[in-house]
Peer 1: 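Questions regarding the structure given below will be posed in turn.
Here the structure is a predicted model, which is why all the values come from computation and not from measurement. Whatever order the structure lists them in is the order used to number ligands and atoms, beginning at 1.
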Amino acid sequence: MLSSKSLSLISKQLCINTIKKGFSTTDSGNAATKRICIVGAGPAGFYAAQYLLKHISDCAVDIIEKLPVPYGLVRYGVAPDHPEVKNVINTFNKTAENKGFNFYGNLALGKDINLDDLRKRYHAVLLTYGADQDRHLNIPNEDKPNVLSARKFVAWYNGLPGAQHLNPNLSGNTVAILGQGNVAVDAARMLLSSLDALRKTDTTEYALETLARSKVEQVYLVGRRGPLQAAFTIKELREMLKLPNVQTLWKPDDFTDVSAQIPNLPRPRKRLTELMLKSLSEQPRESSSSSGKKLFLPIFLRAPKAIGENEVELTVTELQNDMAVPTDKTEQLATDLVLRSIGYKSTCVDGGICFDEKSGRVYNENGRVLRDAVSKTVDEGIYVAGWLGTGPTGVILTTMNGAFSVAKTICDDISSKKLDTSISKAGLDAKQLQRVVTWAHWQRIDEAETKAGQALGKPREKFVDVEEMLKVAGL
Ligand code: FAD
Ligand code: NAP
């Protein structure tokens with residue numbers, strides 16, 4: 001939290017209109033009559049900022065972000081070999097050019113500042129701090145060294161500060177990924193891709209070194225339900241099927257009765273299922289790694305039961321109303337490493353937030369945060385968007401639509417006077433906050449990363465140490 005000393009310092013200094021060269025905080029800040037703080041600089045935060053700045057004329061939008069760098073999972077989640085997805089950053093950068101926009105990096109809600117501080121300083125606070133923890137299976141031995149969360153693995157190859165020391169043990173032949181979402185497929189692709197391809201991406205150098213020594217030749221993708229319920233999507237599967245030097249092998253038994261259901265499926269599910277069946281029909285009868293290719297091995301109707309030293313115990317399941325129901329049969333799947341990929345989880349970072357621990361979401365109605373879940377009274381001026389409000393599913397486009405919709409609600413609440421903006425609010429001033437990263441500081445980090453990347457023939461080499469980032473920023 002901010003100490004009372006630093007808070008009073010901020011209060012005092014906020015009255016003083018000083019403008020630092022190359023930093024427009026007070027410029028926009030002083031003119032604005034509506035001040036909105038967004039917590040979290042991921043897609044939800046940036047898209048909401050874009051909407052608010054477009055639709056409210058006299059508005060200042062400040063984004064606070066716990067890391068010194070922006071973009072959330074676009075930087076630290078999206079796979080390095082999907083650079084086209086990261087193009088959304090261009091839109092975010094346009095928003096950042098707006099005079100009414102300010103970035104305050106290296107400032108964490110719940111640690112450096114609390115929600116009450118923000119309530120006093122802004123007419124509205126929009127929480128978009130995402131989901132940066134893991135869901136657990138709660139099965140025996142899940143905490144053993146041979147089990148890693150896919151979230152940590154993703155953070156490791158993407159260079160999230162704190163994840164650089166993960167050092168995954170890739171000395172074995174087999175990895176079993178538990179879960180079949182697109183995160184699981186991303187992890188599988190990173191494990192099976194050729195190093196030459198990855199070297200051209202912004203995969204961190206230390207991850208490339210470890211992947212260069214990897215002995216992994218086969219990756220299982222274990223789903224508790226059937227092919228018709230698979231959580232991965234067609235683009236990601238197609239990419240796996242086309243991956244050079246990798247053979248995808250399905251278990252024919254998993255597809256019993258699947259063809260018969262195709263006519264009744266909605267179109268995206270139908271196309272995905274047809275692709276799986278086509279790939280199954282084309283696969284060699286003799287399924288072995290003797291082809292010299294690495295293997296991608298999706299298996300269905302198996303739920304994780306326990307983890308052993310060199311295997312996972314799986315319960316055979318059957319489907320009832322699309323749900324996986326355990327049978328009394330079990331199987332052992334031999335594996336050297338297990339990646340748990342069953343979803344991300346949000347946490348409550350500040351006691352002032354009405355948070356539903358069970359669903360891992362902030363209690364809200366259409367983005368308006370509730371004061372308490374029983375009476376459903378709205379916590380005036382507090383909003384939520386992105387994965388923190390919806391739960392950890394949905395692609396950037398889904399997140400964008402949700403963020404626009406909540407931003408519109410804020411606009412509506414301002415124009416209907418549901419949200420009181422008559423009292424002037426001070427906002428924050430980066431100059432009075434210690435080691436806060438402004439947009440200009442981030443641009444220095446960005447430039448240095450791009451330069452370091454160029455020398456290595458890749459788009460960027462990320463700094464993975466916060467102190468190093470701050471040093472490059474000049475802080
Ligand atoms: P986030 O992107 O997580 O942003 C939240 C931000 O809040 C982060 O910057 C975080 O550092 C910050 N924060 C956290 N705590 C605090 C705090 N206490 N104070 C201040 N700031 C805080 N979608 C696609 O369309 N294509 C893809 O290829 C794709 N790949 C993905 C790969 C992975 C591994 C994952 C997990 C998701 C992927 N997605 C993809 C989905 C996409 O990333 C999400 O839809 C989107 O990032 C959600 O946005 P968000 O703003 O809610 O959360
Ligand atoms: P997800 O899509 O929700 O998949 C989670 C997987 O974990 C599902 O297979 C689910 O099975 C399984 N699972 C959950 N609980 C389980 C349990 N207790 N036991 C066994 N299995 C369990 O989540 P995600 O992969 O983390 O992805 C999150 C979001 O980001 C998704 O919307 C995804 O599309 C998006 N994303 C997109 C891309 C891309 O566009 N390339 C890349 C990565 C992520 P059930 O279905 O049976 O619950």
Peer 1: Quick check: closest heavy atoms across Lys152 and Leu166, and the distance to 0.1 Å?
Peer 2: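 Heavy-atom minimum between the residues: O-CD2, 3.6 Å.
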
Peer 1: Quick check: Phe355 with Tyr363 (ring centres under 6.0 Å apart)?
Peer 2: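 Judged by ring-centre distance (under 6.0 Å), Tyr363 and Phe355 do not meet the cut-off.
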
Peer 1: Should Trp250 and Ser279 be marked as a side chain to side chain donor-acceptor pair (under 3.5 Å) after you check the CA-CA gap, both sets of side-chain angles, and the distance that decides it?
Peer 2: CA-CA 8 Å; Trp250 310 89; Ser279 167; 2.7 Å; yes

Peer 1: For atom 7 (O) of ligand 2, find the nearest protein heavy atom and state the residue, atom name and distance (0.1 Å precision).
Peer 2: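 Nearest protein contact, heavy atoms only, for atom 7 (O) of ligand 2 is Ile342 CA, 3.3 Å.
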
Peer 1: Looking at atom 20 (C) of ligand 2, what's its closest protein heavy atom, distance included?
Peer 2: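 In this structure, atom 20 (C) of ligand 2 has Arg224 CD, 3.6 Å as its nearest protein heavy atom.
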
Peer 1: Is Arg340 salt-bridged to Asp134, going by a charged N under 4.0 Å from an acidic O?
Peer 2: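 Yes, charged N to carboxylate O under 4.0 Å.
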
Peer 1: Judged by non-hydrogen atoms, does Lys235 sit under 4.0 Å from ligand 2?
Peer 2: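 Per 4.0 Å heavy-atom rule, Lys235 does not contact ligand 2.
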
Peer 1: Is any side-chain N of the basic residue among Arg121 and Asp62 closer than 4.0 Å to the acidic one's carboxylate O?
Peer 2: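 Result for this pair is no, no salt bridge flagged.
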
Peer 1: Which bit of Ala150 is near ligand 2, meaning a heavy atom under 4.0 Å away: side chain, backbone, both or neither?
Peer 2: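 It is neither part, as no heavy atom is under 4.0 Å.
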
Peer 1: Considering only heavy atoms of Gly343, which atoms of ligand 2 have at least one such atom less than 4.0 Å away?
Peer 2: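 That gives atoms 26 (O) of ligand 2.
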
Peer 1: Ion pair present between Glu239 and Lys242, side-chain N to carboxylate O less than 4.0 angstrom?
Peer 2: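 Result for this pair is no, no salt bridge flagged.
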
Peer 1: For ligand 2, is there an atom lying under 4.0 Å from some heavy atom of Gly223?
Peer 2: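 Not so, Gly223 does not reach ligand 2.
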
Peer 1: Closer than 4.0 Å and a protein heavy atom, does any atom meet both conditions relative to atom 22 (C) of ligand 2?
Peer 2: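 When distances to the protein are checked, atom 22 (C) of ligand 2 has a heavy atom within 4.0 Å.
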
Peer 1: What atoms in ligand 2 come closer than 4.0 Å to a heavy atom of Trp387?
Peer 2: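 Heavy-atom distances to Trp387 below 4.0 Å select 28 (C), 29 (C), 30 (O).
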
Peer 1: So is Thr393 polar-close to ligand 2, meaning N/O to N/O under 3.5 Å?
Peer 2: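 N/O-N/O distance below 3.5 Å does not exist for this pair.
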
Peer 1: Are any of the side-chain nitrogens in Arg368 or Asp379 under 4.0 Å away from the carboxylate oxygens of its partner?
Peer 2: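 No, no charged N to carboxylate O under 4.0 Å.
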
Peer 1: For Ala231, take its heavy atoms, then give the atoms of ligand 2 lying under 4.0 Å from any of them.
Peer 2: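 What qualifies from ligand 2 is 2 (O), 4 (O), 8 (C), 9 (O).
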
Peer 1: Got the closest protein heavy atom to atom 19 (N) of ligand 2, with its distance?
Peer 2: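 Checking every protein heavy atom, the shortest distance to atom 19 (N) of ligand 2 gives Leu137 CD2, 3.4 Å.
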
Peer 1: Please confirm whether Gly394 comes under 4.0 Å of ligand 2, counting heavy atoms of the residue only.
Peer 2: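 It does; at least one heavy atom falls under 4.0 Å.
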
Peer 1: Yes or no on side-chain contact (heavy atoms from CB on, under 4.5 Å) for Val378 and Val369, after CA distance, side-chain angles and deciding distance?
Peer 2: CA-CA 6 Å; Val378 166; Val369 171; over 6 Å; no

Peer 1: Do Phe103 and Phe46 have their ring centres less than 6.0 Å from each other?
Peer 2: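 No: the rings miss the under 6.0 Å criterion.
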
Peer 1: I'd like to know if Arg75 pairs up with Glu449 as an ion pair, taking the criterion as any Lys NZ or Arg NE/NH1/NH2 lying under 4.0 Å from an Asp or Glu carboxylate oxygen.
Peer 2: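 Yes, Arg75 and Glu449 are salt-bridged.
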
Peer 1: Would you say NZ of Lys235 has more than 12 non-hydrogen atoms from neighbouring residues, nucleotides or ligands within 6.0 angstrom?
Peer 2: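 Yes, the 6.0 Å shell around NZ holds more than 12 heavy atoms from other groups.
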
Peer 1: For ligand 2, which atoms, with element, lie under 4.0 Å from some heavy atom of Gly181?
Peer 2: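 Within the 4.0 Å cut-off of Gly181, ligand 2 contributes 2 (O), 4 (O), 6 (C), 9 (O), 25 (O).
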
Peer 1: Does any N/O atom on Val183 come nearer than 3.5 Å to any N/O atom on ligand 2?
Peer 2: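 Yes, there is a polar N/O contact under 3.5 Å.
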
Peer 1: Among all protein non-hydrogen atoms, which one is nearest to atom 28 (C) of ligand 2, and what is the separation to 0.1 Å?
Peer 2: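 Ranking protein heavy atoms by distance from atom 28 (C) of ligand 2, first comes Pro392 O, 3.5 Å.
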
Peer 1: What do you reckon, does Ser341 put a non-hydrogen atom under 4.0 Å from ligand 2?
Peer 2: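 Heavy atoms of Ser341 do come under 4.0 Å of ligand 2.
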
Peer 1: Can you tell whether the side chains of Arg189 and Glu236 come within less than 4.0 Å, N to carboxylate O?
Peer 2: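 Judged by the 4.0 Å cut-off on N to carboxylate O distance, Arg189 and Glu236 do not form a salt bridge.
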
Peer 1: Below 4.0 angstrom from a heavy atom of Arg135, which ligand 2 atoms are there? Numbered from 1 as shown, please.
Peer 2: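 Counting from 1, the qualifying ligand atoms are 14 (C), 15 (N).
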
Peer 1: Which atoms of ligand 2 are found less than 4.0 Å from any heavy atom of Arg225?
Peer 2: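 Atoms satisfying the 4.0 Å criterion: 45 (P), 46 (O), 47 (O).
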
Peer 1: Using the ring centroid of each side chain, check whether Tyr157 and Phe153 are separated by less than 6.0 Å.
Peer 2: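 When the ring centroids of Tyr157 and Phe153 are compared, they turn out to be within the sub-6.0 Å range.
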
Peer 1: Looking at Arg151 and Asp132, is there a salt bridge between them, counting it only when a charged N and a carboxylate O are closer than 4.0 Å?
Peer 2: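 The answer is no: the pair does not qualify as a salt bridge.
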
Peer 1: Can an N or O of Asp186 be found at a distance shorter than 3.5 Å from an N or O of ligand 2?
Peer 2: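 Between Asp186 and ligand 2 (N or O atoms, distance only) the closest approach is not under 3.5 Å.
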
Peer 1: Which residue holds the protein heavy atom closest to atom 38 (C) of ligand 2, what is that atom called, and what is the gap in Å?
Peer 2: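 Result for atom 38 (C) of ligand 2: Asn182 CB, 3.5 Å.
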
Peer 1: Output the set of protein residues with a heavy-atom contact under 4.0 Å to ligand 1, ordered first by chain identifier and then by residue number.
Peer 2: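 Contacting ligand 1 under 4.0 Å are Val39, Gly40, Ala41, Gly42, Pro43, Ala44, Ile64, Glu65, Lys66, Leu67, Gly72, Leu73, Gly77, Val78, His82, Val85, Leu107, Ala108, Leu109, Thr128, Tyr129, Gly130, Val154, Val183, Asp186, Tyr344, Val349, Gly386, Trp387, Gly394, Val395, Ile396, Thr399.
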
Peer 1: Decide if the gap between the ring center of Tyr47 and the ring center of Phe92 is smaller than 6.0 angstrom.
Peer 2: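 Yes.
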
Peer 1: Just jot down the ring pair (Phe, Tyr, Trp, His ring centres under 6.0 Å) partners of Phe463, sequence neighbours excluded, or say none.
Peer 2: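 Not a single residue meets the ring pair (Phe, Tyr, Trp, His ring centres under 6.0 Å) criterion with Phe463.
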
Peer 1: Where is the nearest protein heavy atom to atom 9 (O) of ligand 2: which residue, which atom, and how far?
Peer 2: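 The closest heavy atom on the protein side is Gln180 N, 3.0 Å.
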
Peer 1: Who's the nearest protein heavy-atom neighbour of atom 40 (O) of ligand 2, and how far?
Peer 2: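 Going atom by atom, the protein heavy atom closest to atom 40 (O) of ligand 2 ends up being Glu236 OE2, 3.5 Å.
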
Peer 1: Check Thr398 against ligand 2 and report side chain, backbone, both or neither, counting heavy atoms closer than 4.0 Å.
Peer 2: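 Thr398 to ligand 2: no contact under 4.0 Å from either part.
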
Peer 1: For Val246 and Leu295, what are the C-alpha separation, side-chain angles and deciding distance, and is it a side-chain contact (heavy atoms from CB on, under 4.5 Å)?
Peer 2: CA-CA 6 Å; Val246 174; Leu295 299 180; over 6 Å; no

